[in-house]
Each structure stands twice: as C-alpha cells, then as structure tokens.
Amino acid sequence: MKIATWNINSVRARLGFLMEWLERQQPDLLCLQETKVTDEDFPRLELEAAGYRVEVFGQKSYNGVAIIAHGDLDEVSRSFSGDPLPGEARVLGATFAGIRVITVYVPNGRSVGTETYTTKLTWLDRFRKALDAGHSPKDPIFICGDWNVAPEDRDVHDPKRWRGKILCSEPEREKFRALEDWGLRDAVRLLTPDGGIYTWWDYRMSGFRRDWGLRIDHALVSEPVAAGVREATVDREARGGEKPSDHAPLVVTLE
DNA sequence: ATGGCTACTCCTAGTAGA
C-alpha cells in the first residue's frame, strides 16, 4: 500500500500537475496540504472521475487539507480538541483500511520570537495532548503532512546558516521529539540515517537547482504501522517541471 | 544570503508562506 503526503501550495493552481502525478504514482491514499480553497470550490469532480474518494477541510486563500483515496474513508474528523487556531483548516483525519490517517499542516511560525511562533509551539503541544486523549500508540496510526520543522541538522542543507532559525529552532525540534516520545516513528528515519533528504526548497535563488532544501514534511507512524514500512521516498521529480509546488511529495510504501 | 519567488485576494499592492 502506498500512502503519500504533499504540500501542493494551491490545489487549483496545480490541478493538472496533480492529476499527472496521481496517474504516474498511483497512490492508494494521498494527503494534501495548503489546498488554499473552500470545500465548495475544491476540484472534487476531477478527482472522483479518476476513481478517488475525497474528503476536504478547507478555507479561502490559506491553509486547507484534503485526503483522497482509492477506497472508503471513515470516521472523518476535522481540527482537534484544544486547537489554538480553531478557525484554521489544518487537520483532517480519516480511517482507511484499518489505519487512522491524520494529515496536518502545522503553523509556519514566521520567525522565532514572534507571536505566531509562540502559537506554533502551543499548537504542537496541544496536538500531542489531543493524541494522548484520543489515541493509543498501540493503534495503527499514520500522521503525515507539512510539520514545518526540520528535526535535526542532517535534515538541513546548511545547518550553520539555519541554526536557531524558524523551522530549525530547538524549541520546535523539542515539540517534534515529544511526538516521537509519545510513540511515533519518523518513517524516513526507520529506513536510513542519511542526510540530504529534503522535501522543501525555496522558490527564490533557484533553491531546488542548488539543492538548498529542508526536510519538513514527515510521516510519523505508530509501531504497528512502522513494522510494515518498506519504503519512504521523496519524489523529487515532482519538484521539477512547469510551475511546481515548493514542496515535493513524500511517498511511503507499507507491506 | 534576510533579497532575490509564488499564490492568494470584493484593496493588482499587501500578505503569507518557509
């Protein structure tokens, strides 16, 4: 089974790109972030015509998450208990083939020391608390999306330049580790200790061509899922071509 | 090297992203 996550940076601006990608990759389930569209205007029909079930949680202009799957999506949930940004469409959950799949678009935080940064830390705290209240790490759980955190220096093209900066600051990394401590494993790290694996490259300064990237999109899985992880690959091909998103998809293959 | 894209919007210039 193939489960993927992709910050698409506007599903409407990249619908053709998305359809081609689905055709090529044939995932069983794909989580999208930054769809930037209301539920009403989401391009549901195109995806359904391609055989996907579609669940969306969106808003105008900003944020927005979606789950599309070849198969039933049950027990759909939006946001989470204690969400400090209840008006923002950032979390969507559904049960697929017995796995609780939750997709997240974690607040960016702008820059360290700002109010939005503090809110980002609170958000991650509250998200963990909600996990504790609603789930057990013994259950099959797959939480994926744009976490806006590069967990370690090996996830950063130039750690010296990024040290202490937004996406790489120690408090953000602590919150990320707290999720792992709860009982989640980073699917990429189950398979390789290698650095140089990135999921986002800045549009500016030809960031992708120079491979100035960060690994900020992740799939965190509970033990029962971790046991079945066979592959976790960043599809860099999707970061090239005409008008790509600034993120590449992360594709996880489960036995 | 703090800029330099990109996408959004009843403000096509200002905001947000990361």
Side-chain angles (χ1 to χ4, degrees), chain A residues 5-18 21 31-43 56-66 84-85 87-91 103-124 127 144-173 175-176 188 196-218 234 236 238-250:
Chain A
T5 179
W6 192 7
N7 179 323
I8 194 153
N9 185 14
S10 172
V11 71
R12 286 180 297 178
R14 253 171 284 287
L15 184 58
F17 206 105
L18 171 62
W21 186 84
C31 295
L32 294 169
Q33 304 85 38
E34 280 209 89
T35 54
K36 296 188 174 179
V37 67
T38 60
D39 295 353
E40 187 183 67
D41 290 336
F42 192 94
V56 291
F57 179 33
Q59 66 184 90
K60 192 160 71 173
S61 310
Y62 306 116
N63 309 319
V65 283
L85 297 169
E88 302 196 0
R90 296 180 175 276
V91 176
T103 187
V104 299
Y105 174 48
V106 175
N108 164 284
R110 306 220 71 176
S111 64
V112 174
T114 61
E115 197 178 323
T116 58
Y117 174 75
T118 308
T119 304
K120 176 182 193 174
L121 299 179
T122 305
W123 195 99
L124 287 163
F127 182 77
C144 63
D146 178 358
W147 295 85
N148 272 318
V149 179
E152 297 177 67
D153 279 354
R154 60 182 161 167
D155 303 313
V156 180
H157 69 93
D158 182 350
K160 201 190 288 179
R161 162 169 155 40
W162 282 88
R163 182 146 302 138
K165 299 282 194 336
I166 195 68
L167 316 179
C168 299
S169 75
E170 196 46 40
E172 292 167 82
R173 288 177 168 180
K175 300 299 179 195
F176 189 83
V188 166
I197 303 168
Y198 310 131
T199 64
W200 170 84
W201 298 260
D202 203 317
Y203 281 129
R204 296 170 294 187
M205 298 298 291
S206 308
F208 184 59
R209 188 178 55 75
R210 294 167 144 133
D211 202 21
W212 289 352
L214 301 181
R215 192 174 72 95
I216 56 175
D217 300 83
H218 311 289
V234 177
R236 295 174 65 108
R239 182 59 178 80
E242 282 293 301
K243 290 256 169 201
S245 167
D246 46 354
H247 295 249
L250 172 66

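Chain naming here is simple, since letters A, B, ... match the order of the sequence lines and numbering starts at 1 in each. Fair warning: this is a prediction, and the values are worked out from it, not measured in the lab.
- OP1 or OP2 of dA16(B) has at least one side-chain nitrogen or oxygen of Arg110(A) nearer than 4.0 Å.
- Side-chain proximity of Asp146(A) to the nucleotides dA18(B), dG17(B), dA7(B) is greatest for dA18(B).
- Residue Ile166(A) is classed as having no contact, given no heavy-atom separation below 4.0 Å to the nucleic acid.
- As rounded to whole Å, 18 Å separates atom P of dA16(B) from atom OH of Tyr203(A).
- Note on Asp217(A): nothing from the nucleic acid sits closer than 4.0 angstrom, heavy atoms only.
- The interatomic distance linking Trp200(A) (CH2) with dC5(B) (C1') rounds to 11 Å, in whole Å.
- Toward the 5′ end of DNA chain B lies the nearest nucleotide of Asp158(A), the other residue of the pair Val106(A) and Asp158(A) mapping further downstream.
- Side-chain atoms of Leu167(A) lie closest to dA18(B) of the nucleotides dA7(B), dA18(B), dT2(B).
- A donor atom on one side chain and an acceptor atom on the other are not found under 3.5 Å apart for Ser10(A) and Glu34(A).
- Of the side-chain N and O atoms in Arg204(A), none sit less than 4.0 angstrom from OP1 or OP2 of dA18(B).
- Backbone-only contact: Tyr105(A) has heavy atoms under 4.0 Å from sugar-phosphate atoms and none from a base.
- Residue-level contact check: Arg161(A) touches the bases, meaning some heavy atom is under 4.0 Å from a base atom.
- Minimum atom distance to the side chain of Ser61(A) is reached by dC8(B), of the listed dT2(B), dA18(B), dC8(B).
- OP1 or OP2 of dC5(B) has not a single side-chain nitrogen or oxygen of Asn9(A) nearer than 4.0 Å.
- Side-chain N/O atoms of Arg12(A) include one lying less than 4.0 angstrom from OP1 or OP2 on dT9(B).
- Ion pairing of Asp155(A) with Arg173(A) is absent here, as no side-chain N (NZ or NE/NH1/NH2) approaches a carboxylate O to less than 4.0 Å.
- Protein atom CD of Glu34(A) is 13 Å distant from nucleotide atom P of dA16(B), rounded to whole Å.
- Among the heavy atoms of the strands lying under 4.0 Å from Asn148(A) are primed sugar atoms or P, OP1, OP2 only; no base atom is included.
- For the pair Arg236(A) and Asp211(A), the salt-bridge criterion is met [side-chain N within less than 4.0 Å of a carboxylate O].
- Within the 4.0 angstrom heavy-atom criterion, only backbone atoms of the sugar-phosphate kind lie near Lys60(A); the bases stay farther away.
- Distance from the side chain of Tyr62(A) is smallest for dA16(B) among the nucleotides dA16(B), dG4(B), dC5(B).
- A side-chain donor from one of Ser169(A) and Glu172(A) sits under 3.5 Å from a side-chain acceptor of the other.
- Remark: the separation of the C1' atoms in dA7(B) and dT12(B) is 13 Å, to the nearest Å.
- Taking the six-membered ring where tryptophan is involved, the planes of Trp6(A) and Phe17(A) are tilted, since the angle between them lies from 30° to 60°.
- Rounded to whole Å, the separation between the P atoms of dA1(B) and dT15(B) comes to 28 Å.
- Within the 4.0 angstrom heavy-atom criterion, no nucleotide atom of any strand lies near Arg210(A).
- Using a 4.0 Å cut-off, no side-chain N or O of Lys120(A) falls inside it from OP1 or OP2 of dA18(B).
- Between the side chain of Trp200(A) and the backbone N or O of Leu214(A) there is no donor-acceptor pair closer than 3.5 Å.
- Going from the C1' atom of dA18(B) to that of dC5(B) covers 12 Å, rounded to whole Å.
- Ion pair Asp246(A)/Arg239(A) not flagged as a salt bridge, since none of the NZ, NE, NH1 or NH2 atoms sits closer than 4.0 Å to an Asp/Glu carboxylate oxygen.
- The distance from atom CZ of Arg209(A) to atom P of dG4(B) is 18 Å, rounded to the nearest whole Å.
- What separates CG of Asn7(A) from C1' of dA7(B) is a distance of 12 Å, to the nearest Å.
- The distance between atom NZ of Lys160(A) and atom P of dT2(B), rounded to the nearest whole Å, is 16 Å.
- Only the P atoms considered, dA16(B) is 15 Å distant from dC11(B), to the nearest whole Å.
- Per the geometry, CG belonging to Asp246(A) stands 7 Å off P belonging to dA18(B), to the nearest Å.
- Atom CH2 in Trp201(A) sits about 17 Å away from atom C1' in dT6(B), given to the nearest Å.
- Counting non-hydrogen atoms under 4.0 angstrom, Trp212(A) reaches a base of the nucleic acid.
- Straight-line distance between the C1' atoms of dG3(B) and dG17(B): roughly 16 Å, to the nearest whole Å.
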